[in-house]
Amino acid sequence: MAGEGTVADAQRLHRIQVITDAALSRLDASGLLDELLDRLRELLVVDTAAILVLDAHARQLVAAAAKGLEEEVWEGFRVGVGDGFAGRVAQTKQPVVVADVTSADVVSQVLLNKGIRSLLGVPMLAGGVLVGVLHVGTLAPRRFTDDDVYLLQLAADRAGMAAQVRSRGLEQAAALALQRSLLPPQLPRVPGVDLAARYVPGHDLGIGGDWYDVFPLPSGWTGVVIGDVSGHGLRSAVIMGRLRSALRSYALICDDPAETLDMLDRKIHHFEAGNLATALYAMVSPDCATVRLSLAGHLPPVLAAAGREAELVSAPVDPPLGIGSVRPVRHSTDIAFPPGAALVCYTDGLVERRDEVIDVGLARLVAAVRTGPAEEICGRIMLTTDVARPTDDIALLAVRRAPDGDGDDGGGRQLLDAGFTADAVGAVRHEVEAVSRRHGLDAEALDDWVTAVNELMVNAVRHGGGAGHVTLRLADRLTCRVRDRGAGFAAAPYLDRATRPVVSPTGGMGLWIVRQMAEVVSLDSDADGTTVVIAARPGAAPPA
């Protein structure tokens with residue numbers, strides 16, 4: 001008898017170890033759920049295992065993963081909390097056993113068609129909050145033991161955390177897709193004005209409600225907006241979309257930025273109560289000589305003009321949108337916008353850092369702003385304000401008035417000019433991607449192009465003295481020039497005459513990789529270094 005107890009204890013311990021195996025942590029959320037179901041079927045000797053996750057808004061359980069009941073997942077099976085077998089588990093948050101399944105016990109026709117006779121289900125909880133239901137079933141009658149219940153609950157606790165991670169990932173992806181769809185895919189062409197913008201999602205706190213917008217108005221003025229809805233996640237992105245649409249509507253009937261923001265404030269208080277947002281709304285006059293702006297709790301823009309240092313615009317900062325019960329008086333300010341001047345608008349993610357006061361970030365931004373093409377302004381800011389790993393969303397919008405005698409200053413042929421070291425390769429790569437996307441490369445062409453440029457920069461660092469210089473230009477198509485201070489690609493035979501990769505003495509295949517992604521225009525090497533010029537494949541970019 002003692003021996004039987006020892007064997008049973010060993011078996012129980014083995015089953016627990018299989019479910020709590022640390023190796024499962026190396027799987028992504030979907031992989032972990034699938035592996036758990038496979039292990040449960042083997043350990044509990046059951047025919048089916050399924051996970052249903054909670055859709056809190058619909059108060060329904062949705063089939064997310066299954067073994068032996070794959071049809072439920074394929075068909076998108078849903079059951080209301082409190083309905084059927086899984087619904088009862090969710091409602092009571094307690095294990096439920098059905099020894100002899102009938103049509104009165106279950107809602108899923110798949111379970112009935114499968115001929116399931118016995119079921120055991122347990123709630124999936126994360127921090128005490130219901131996130132789903134895990135259940136197993138057998139084709140033959142089965143009496144589930146307390147050990148079976150314990151093991152299934154142990155698996156459910158682990159699956160609950162994975163399901164929560166999966167749910168957050170899906171929500172973040174949906175929010176990012178929504179947010180990107182609401183940002184202008186291409187800024188409008190405004191006579192006499194050069195425009196450029198950047199948007200970078202925050203990495204630590206997730207998706208938020210930052211946005212920018214530029215639109216022509218019937219009066220001949222041009223509307224310029226940048227804003228930030230408080231909070232993060234899908235909800236903030238949705239609120240952002242509503243505010244952007246509403247502001248555009250109010251801008252059509254108001255010729256004063258303060259009045260437009262006042263109407264938007266009323267809209268938030270009535271329809272979006274409890275939400276808070278900041279916004280900058282500016283109007284550029286038809287002759288581009290004046291910018292009229294109003295600030296609703298938003299950081300002031302930076303103004304740079306020829307012959308003087310950049311500075312923060314001096315304008316009243318009125319209360320944010322959605323705050324307080326009394327409507328505040330809002331103000332508009334007119335500022336002179338001379339030829340060649342640039343106005344830089346941004347959200348707080350660009351200048352705020354957890355370990356420093358915001359004045360430091362503002363000073364860093366002002367120091368980075370100089371007159372020049374809008375693309376160069378944005379590029380310089382992104383490369384010099386430490387945004388490689390943002391903790392909040394960043395929106396950046398540069399508006400530059402064309403210099404005298406240049407009615408359509410689109411940034412000229414040069415789009416980017418930057419030096420880099422090993423530490424800055426990532427930041428420059430992100431900027432190359434942003435500039436190239438802005439100038440029309442589709443997703444597939446963009447991926448190839450950025451890979452090629454990155455390969456050149458990495459090689460410049462590795463073989464060219466630890467630093468290099470990259471220049472991006474646009475003529476009939478994008479070209480990139482990377483210069484280093486060493487022998488670079490010319491140091492080894494990376495490519496043979498048959499264009500097959502030849503591994504260099506250092507183990508590289510750099511230029512072969514580059515040739516697969518772009519057209520190599522020239523490669524020159526001398527005692528001072530190596531210069532490689534590549535171009536996007538014909539047809540990959542629009543004409544200048």
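All of these numbers come straight from a predicted model, not from anything done at the bench. Keep in mind that the numbers below use all heavy atoms, side chains included, and drop hydrogens, waters and symmetry copies.
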**Q** Do any N or O atoms from the side chain of R483 and from the backbone of A460 form a donor-acceptor pair under 3.5 angstrom?
**A** no

**Q** Flag the pair V532 / T530 as yes when at least one side-chain heavy-atom distance between them is below 4.5 Å, and no otherwise.
**A**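 The answer is yes, as the side chains (C-beta and beyond) meet within the 4.5 Å cut-off.
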
**Q** Which residues pass the side-chain contact (heavy atoms from CB on, under 4.5 Å) test with A306, not counting sequence neighbours?
**A**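 side-chain contact (heavy atoms from CB on, under 4.5 Å) check on A306 returns nothing, list empty.
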
**Q** Considering residues at least two apart in sequence or located in another chain, which fulfil the side-chain contact (heavy atoms from CB on, under 4.5 Å) criterion with A197?
**A** L187, Y212, L397, R438

**Q** If the threshold is 4.0 Å, N to carboxylate O, is there a salt bridge linking E376 and R370?
**A** no

**Q** Between P320 and D265, what is the shortest heavy-atom contact and its length?
**A**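 Nearest pair, atom of P320 first, then D265: O-OD1, 4.4 Å.
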
**Q** Rounded to the nearest 0.5 Å, what's the gap from CG on L264 to CD on E259? Could you check?
**A**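 L264 CG to E259 CD: 12.5 Å, rounded to 0.5 Å.
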
**Q** If you take all heavy atoms of A304 and V369, which pair is closest and at what distance?
**A** CB-CG1, 3.7 Å

**Q** To the nearest 0.5 Å, what is the distance between CG on D255 and OG1 on T260?
**A** 8.0 Å

**Q** Less than 4.5 Å apart, side chain to side chain, heavy atoms only: is that true for M457 and V428?
**A** yes

**Q** Scan residues 291-304 for pairs that pass side-chain hydrogen bond (donor to acceptor under 3.5 Å, both in side chains), counting only residues two or more places apart or in two chains.
**A**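 Checked against side-chain hydrogen bond (donor to acceptor under 3.5 Å, both in side chains) - neighbours excluded - the pairs reaching residues 291-304 are T278-H298, R292-D334.
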
**Q** Enumerate the residue pairs fulfilling salt bridge (charged side-chain N to carboxylate O under 4.0 Å, His left out) with a member in residues 280-289, sequence neighbours excluded, ordered by first and then second residue.
**A**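 Every pair satisfying salt bridge (charged side-chain N to carboxylate O under 4.0 Å, His left out) with a residue in residues 280-289: there are none.
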
**Q** Quick one: salt bridge (charged side-chain N to carboxylate O under 4.0 Å, His left out) pairs with a partner in residues 339-349, sequence neighbours left out?
**A** none

**Q** So V225 and R244, do their side chains get closer than 4.5 Å, heavy atoms only?
**A**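 R244 does not reach V225 side chain to side chain.
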
**Q** side-chain contact (heavy atoms from CB on, under 4.5 Å), that's the test. Do I358 and R353 meet it? Break it down for me.
**A** CA-CA 7 Å; I358 194 171; R353 300 292 179 269; over 6 Å; no

**Q** When rounded to the nearest 0.5 angstrom, what distance separates CG in L478 from OG in S436?
**A** 5.0 Å

**Q** Less than 4.5 Å apart, side chain to side chain, heavy atoms only: is that true for D484 and F420?
**A** no

**Q** Taking C-beta and beyond as the side chain, do E455 and V458 meet within less than 4.5 Å on heavy atoms?
**A**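 SC-SC contact between E455 and V458 ruled out.
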
**Q** Tell me whether T290 contacts the main-chain N or O of S285 through its side chain, where contact means a donor paired with an acceptor under 3.5 Å.
**A** no

**Q** Side-chain contact test, heavy atoms from C-beta onward, threshold under 4.5 Å: evaluate it for L383 versus H430 and give yes or no.
**A**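 Not in contact.
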
**Q** Residues two or more places apart in sequence or in another chain: which of them pass salt bridge (Lys or Arg N to Asp or Glu O under 4.0 Å) with R78?
**A** D55

**Q** Would you say the side chain of D194 lies within less than 4.5 Å of the side chain of P373, judging by non-hydrogen atoms?
**A** yes

**Q** By side-chain contact (heavy atoms from CB on, under 4.5 Å), which residues pair with D359, not counting sequence neighbours?
**A**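 Expected list: V357, L362.
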
**Q** With rounding to the nearest 0.5 angstrom, report the CZ to CZ distance, F337 to R401.
**A** 8.0 Å

**Q** For the residue pair T333 and P316, what are the closest heavy atoms and their distance?
**A** OG1-CD, 3.2 Å

**Q** So, using salt bridge (Lys or Arg N to Asp or Glu O under 4.0 Å) as the criterion, who are the partners of E433 when residues are at least two apart?
**A** R437

**Q** What closest approach, in Å, do L299 and L295 show between heavy atoms, and which atom pair accounts for it?
**A** O-CD2, 4.2 Å

**Q** Looking only at non-hydrogen atoms, find the nearest pair between A374 and L195 and report the distance.
**A** CB-C, 3.7 Å

**Q** If you round to the nearest 0.5 Å, how far is SG of C288 from CH2 of W221?
**A**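 So the gap between those two atoms works out to 10.5 Å.
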
**Q** Decide yes or no on side-chain contact (heavy atoms from CB on, under 4.5 Å) for V482 and T531, but give the supporting numbers first.
**A** CA-CA 6 Å; V482 176; T531 300; over 6 Å; no

**Q** So L343 and V302, side-chain contact (heavy atoms from CB on, under 4.5 Å) or not? Walk me through it.
**A** CA-CA 6 Å; L343 189 72; V302 179; over 6 Å; no

**Q** Carefully, step by step, assess E375 and R400 under the rule salt bridge (Lys or Arg N to Asp or Glu O under 4.0 Å).
**A** CA-CA 10 Å; E375 281 288 354; R400 184 206 185 199; over 6 Å; no

**Q** Kindly compute the distance separating SG (C345) from CG (L350), expressed to the nearest 0.5 Å.
**A**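 Taking SG in C345 and CG in L350, the distance rounds to 11.5 Å.
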
**Q** Would you confirm whether N459, through its side chain, and L456, through its main-chain N or O, come within 3.5 Å as a donor-acceptor pair?
**A** no

**Q** Quick one: list whatever passes salt bridge (Lys or Arg N to Asp or Glu O under 4.0 Å) with R248, sequence neighbours left out.
**A**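 Salt bridge (Lys or Arg N to Asp or Glu O under 4.0 Å) list for R248, sorted by chain: D213.
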
**Q** Would R327 and D262 pass as an ion pair if we require N to O under 4.0 Å?
**A**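 Looking at D262 together with R327, the answer is yes, because their closest N to O distance falls below 4.0 Å.
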
**Q** Using a 4.5 Å cut-off on heavy atoms from C-beta on, say whether the side chain of L312 contacts that of P301.
**A**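 Counting from C-beta outward, P301 and L312 never come under 4.5 Å.
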
**Q** Which heavy atom of M263 sits nearest to which heavy atom of C254, and what is that distance?
**A**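 Residues M263 and C254, closest heavy atoms: SD-SG, 3.3 Å.
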
**Q** Salt-bridged, R364 to E356, with N to O below 4.0 Å?
**A** yes

**Q** With sequence neighbours left out, write down each residue that passes side-chain contact (heavy atoms from CB on, under 4.5 Å) with A518, or none if nothing qualifies.
**A** W449, A452, I534

**Q** Sequence neighbours left out, what passes salt bridge (Lys or Arg N to Asp or Glu O under 4.0 Å) with D318? Give chain and number order.
**A**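 None.
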
**Q** Mark yes or no for whether S245, through its side chain, and G241, through its backbone, hold a donor-acceptor pair below 3.5 Å.
**A**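 Looks like no, no N/O pair under 3.5 Å.
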
**Q** Here's a test for you: under side-chain contact (heavy atoms from CB on, under 4.5 Å), which of L365, I394, I381, D228 qualifies with Y346?
**A** L365

**Q** According to side chain to side chain donor-acceptor pair (under 3.5 Å), who are the partners of S332, at least two apart in sequence or on a separate chain?
**A** D256

**Q** Checking side-chain contact (heavy atoms from CB on, under 4.5 Å) for the pair L54/V131: CA distance, chi angles, key distance, verdict?
**A** CA-CA 5 Å; L54 178 67; V131 296; 5.6 Å; no

